[in-house]
Amino acid sequence: MDNFDAGLASETSRRRFLRHAALGSAGLAAAPALAQQLVDLKLPGGNAERPMTSAFPGKGSMILQRVHPPLLETPMDVFDKSVFTPNDQFFVRWHWADIPTSIDVETFRLNVFGHVNRPLSISLAQLLRLPRVEMAAVNQCSGNSRGLFQPRVAGAQWGNGAMGNAKWLGVRLRDVLDLAGVKAGAVQVRFGALDQPVVAGAPDFEKALDIDHARDGEVMIAFGMNGEQLPFLNGFPCRLIVPGWYSTYWVKMLNSIEVLPGPDDQYWMAKAYKIPATPGANVAPGAKDFPTVPINRMIPRSWMTSLPDGQAIAYEASIPVGGIAMGGDCGVAKVDVSSDGGRTWYKTMLGADEGRYSFRRWDGRVPLRRGPNPIMARCWNTNGVAQPIKPIWNPGGFMRGNIETTTIIAA
């Protein structure tokens, strides 16, 4: 048994998460004091200030979007330190507030059933004995940057920090499905979790993948994150990893895998997280009755992280700039930067390639003029897709991916 296994084996319901306090009391007790430190997310629709909090167990300083259920955003300066987001500042997003406050690793079971030959009830010890894989992948909320949509749409008004990148350790979903023996005619695989609705009759949070996608060898069941156990708020004891796809499919506290002989027609697939079936998921504000599809693959994005928006600096003829980029469902090919509103573009140097689903560091240099300097970063992915200049709009506030601008004031 290695150190990772030994650590997991020592975790019991007496320890996980409730070392300090229950989630509700931890969040509520800290909330009144949070207003002492605020961060301005610079949301165009106003109401942009959010409190910072370190009140949630296992988490450091985070931007508090909501207490129940917990929505915690990663501050943008964190992304300038490494392409891998530290576990204690990795964003948190739950759909239902009834989250277990402790888990007994001895009795926990991952159940595999449905259109299979051999229904399974897998213990964590059994899961740990399966062949392991590790992969770097960005986990990004479907509504990341929703607060930047104009006109404003309903939902959590995230800035750009509802995302993170980690090295995920676990087992292939395909290997688990093979143990159960998928029957001929299987169409999708549905995934369920331990969190529960707080409203009577509300649907359990469940998501589904097509059978071929579920068995592609990249979709994982992870129990490790950046060399450590999964944090409780990020899905302990295990979660689904769907590289290149938005995090609505990355089911946390995974406890059920159901193989379906037909498509999943329940709420979270049939009605929720739907995007316009249009180029870029873009429709005119106020549009209705357009065709939709379930949200799926991510798109390329990039951000300048070396200086915050609105930063005043002493004038220099040029300055170094740096940040992160992601290719979405494939790798990063290049990132260019501009400091004159996109009229002139400069090449950047890319950092180490940690894998096609990972963030990638970029660094470059841009000239300055006195006064405001709108610095833009534009990513191309390895499929030849570039970030668009103009932002999209849709009523869900999903899939923002246009070029972002960071304005630096040179005086």
Side-chain angles (χ1 to χ4, degrees), residues 45 65-66 69 71 91 93-97 138-158 160 162-163 187-193 195 197-199 201-214 216 219 239-252 254 256 258 260-301 326 328-329 385 387-388 390-402:
Q65 288 281 359
R66 188 181 300 161
L71 272 63
F91 91 101
R93 195 272 191 263
W94 289 84
H95 293 85
W96 295 125
V138 172
N139 180 14
Q140 180 184 208
C141 180
S142 307
N144 190 26
S145 314
R146 181 184 287 119
L148 304 179
F149 272 62
Q150 294 181 276
R152 177 167 280 185
V153 298
Q157 299 300 301
W158 297 105
N160 289 318
M163 62 178 184
V187 172
Q188 286 194 321
V189 184
R190 181 163 57 207
F191 307 92
D195 55 316
V198 294
V199 179
D204 288 349
F205 182 72
E206 297 177 313
K207 297 296 289 188
L209 298 174
D210 289 347
I211 187 66
D212 289 344
H213 187 184
D216 69 1
V219 178
R239 71 174 302 164
L240 201 67
I241 305 299
V242 188
W245 282 46
Y246 286 98
S247 67
T248 182
Y249 295 95
W250 296 43
V251 176
K252 299 181 292 297
L254 179 70
S256 73
E258 181 181 3
L260 305 174
D264 185 349
D265 60 359
Q266 296 188 11
Y267 173 80
W268 292 101
M269 289 299 297
K271 295 183 178 181
Y273 286 98
K274 303 292 283 292
I275 58 172
T278 59
N282 187 34
V283 296
K288 297 180 180 179
D289 300 325
F290 46 81
T292 63
V293 295
I295 197 169
N296 47 85
R297 298 175 181 273
M298 294 193 296
I299 55 178
R301 301 196 72 183
M326 56 179 288
D329 63 349
V385 179
Q387 291 181 261
K390 295 182 178 180
I392 66 163
W393 191 92
N394 57 63
F398 297 141
M399 291 186 65
R400 181 177 169 94
N402 58 279

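Positions are given from 1, in the same order as the sequence printed here.
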Practice item. Supply the atom-to-atom distance L254 CG to F191 CZ, rounded to the nearest 0.5 angstrom. Key: 7.5 Å
Check your understanding: What heavy-atom pair brings G280 and I392 nearest, and what distance separates the two atoms?
Key -> O-CD1, 3.3 Å
**Study point:** Atom pair CH2/CZ of W250 and R239 - distance to nearest 0.5 Å
**Key:** 7.0 Å
Exercise for review: Kindly give the heavy-atom pair with the smallest separation between K252 and R93, and that separation in Å.
Suggested key: NZ-O, 2.7 Å
Review point. Which residues satisfy the salt bridge (charged side-chain N to carboxylate O under 4.0 Å, His left out) test with R146, sequence neighbours excluded?
Key: none
Point to revise | Modelled atom types, side-chain donor and acceptor of S145 and R301, under 3.5 Å | key: yes
**Study point:** Atom pair OG (S247) and CG (L240), whose distance is rounded to the nearest 0.5 Å
**Key:** 11.5 Å
Study note, to complete from the structure: Shortest non-hydrogen pair, I275 vs A281, comes out as CB-CB, 4.1 Å
Review point. For residues 273-295, which residue pairs qualify under ring-ring contact (aromatic ring centres under 6.0 Å, His included), counting only residues two or more places apart or in two chains?
Key: H95-Y273, Y273-F398
Review point. What is the minimum heavy-atom distance between V251 and T248, and which atoms define it?
Key: CG2-O, 4.5 Å
Pairs of donor and acceptor atoms involving the side chains of residues 201-214, under 3.5 Å and at least two apart or interchain, shall be tabulated with distances.
{"from": "K207", "atom 1": "NZ", "to": "W268", "atom 2": "O", "distance (Å)": "2.8"}
{"from": "D210", "atom 1": "OD1", "to": "Q188", "atom 2": "NE2", "distance (Å)": "2.9"}

**Study point:** From CH2 (W158) to SG (C141), nearest 0.5 Å
**Key:** 6.0 Å
Practice item. Just jot down the ring pair (Phe, Tyr, Trp, His ring centres under 6.0 Å) partners of W96, sequence neighbours excluded, or say none. Key: none
Exercise for review: Quick one: pull up CD in Q65 and CG in L71 and give me the separation to the nearest 0.5 Å.
Suggested key: 7.0 Å
**Study point:** Minimum heavy-atom distance P395-V153, with the two atoms named
**Key:** O-CB, 3.6 Å
Review point. So do T278 and V283 actually touch side chain to side chain, heavy atoms under 4.5 Å?
Key: yes
Check your understanding: Under the salt bridge (charged side-chain N to carboxylate O under 4.0 Å, His left out) rule, what pairs show up with a residue in residues 280-300, not counting sequence neighbours?
Key -> R297-D329
Check your understanding: Below 4.5 Å, heavy atoms only, C-beta onward: do N139 and F91 meet side chain to side chain?
Key -> yes
Practice item. Apply side-chain hydrogen bond (donor to acceptor under 3.5 Å, both in side chains) to N144 and list each qualifying residue two or more places apart in sequence or on a separate chain. Key: Q140
Check your understanding: Can you tell me how far the CH2 atom of W245 sits from the CD1 atom of I295, to the nearest 0.5 Å?
Key -> 10.0 Å
Point to revise | Where G147 and Q157 come nearest, the two heavy atoms and their spacing | key: CA-OE1, 3.4 Å
